[in-house]
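One structure below.
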Amino acid sequence: IIDAEKALKLSENITDLKGFPDAHYTLYSAYNSKQKFKKASEHLERFIQSYGNQLSPEARSNLEAELNKLKRAAAANQQ
């Protein structure tokens, strides 16, 4: 997770990689597996914002449902 956060921070300085949506998805998955739901939801939300227009309506809907689930889990776990 630390390496991915560093890579994402570095990518912000490179025009072609700015926002790098795939890194946000990877971090969402990593934080979710560690049950760090707040951080997972933040990265999934950034992924959807960056990549959402390229997703099918069904895929976007599924990710938005997952985002809502993560936000509920974060609130339930006081994160």
Side-chain angles (χ1 to χ4, degrees):
I1 292 177
I2 293 169
D3 288 342
E5 288 280 4
K6 286 179 185 177
L8 188 58
K9 194 170 245 183
L10 287 172
S11 75
E12 293 296 321
N13 297 321
I14 302 170
T15 304
D16 291 340
L17 295 179
K18 196 164 187 147
F20 193 49
D22 294 338
H24 287 295
Y25 191 86
T26 300
L27 284 165
Y28 140 70
S29 296
Y31 281 120
N32 191 32
S33 71
K34 296 281 186 182
Q35 297 184 343
K36 295 185 184 250
F37 303 118
K38 184 175 185 216
K39 293 293 281 181
S41 69
E42 290 169 2
H43 285 286
L44 183 56
E45 191 163 31
R46 288 183 191 138
F47 175 79
I48 293 169
Q49 289 171 348
S50 298
Y51 206 62
N53 294 335
Q54 298 174 35
L55 299 169
S56 71
E58 181 181 357
R60 185 178 177 105
S61 178
N62 290 341
L63 288 173
E64 287 173 346
E66 174 69 8
L67 178 59
N68 289 330
K69 181 178 129 189
L70 288 170
K71 287 180 177 182
R72 287 191 305 274
N77 288 285
Q78 299 179 352
Q79 294 181 4

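What's counted below: heavy atoms across the whole structure, side chains too, no hydrogens, waters or symmetry copies.
Atom NE2 of residue His43 and atom CG of residue Leu67 lie 12.5 Å apart, to the nearest 0.5 angstrom. Taking NZ from Lys69 and CG from Leu63, the interatomic distance works out to 12.0 Å, rounded to the nearest 0.5 Å. The CD1 atom of Ile48 lies 10.0 Å from the CG atom of Asn62; values are rounded to the nearest 0.5 Å.
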Pairs of donor and acceptor atoms involving the side chains of residues 29-37, under 3.5 Å and at least two apart or interchain, shall be tabulated with distances.
| residue | atom | partner | partner atom | Å |
| --- | --- | --- | --- | --- |
| Ser29 | OG | Tyr25 | O | 3.2 |
| Tyr31 | OH | Glu5 | OE2 | 2.8 |
| Ser33 | OG | Ala30 | O | 2.8 |

Report, one line per pair, each donor and acceptor closer than 3.5 Å where one atom sits in a side chain of residues 53-61; sequence neighbours left out.
| residue | atom | partner | partner atom | Å |
| --- | --- | --- | --- | --- |
| Ser56 | OG | Ala59 | N | 3.0 |
| Arg60 | NE | Glu64 | OE2 | 3.0 |

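Residues His24 and Tyr51 form no side-chain contact, since every pair of their non-hydrogen atoms from C-beta on lies 4.5 Å or further apart.
The two residues Ala74 and Lys38 have their closest heavy-atom pair at CB-N, 3.7 Å.
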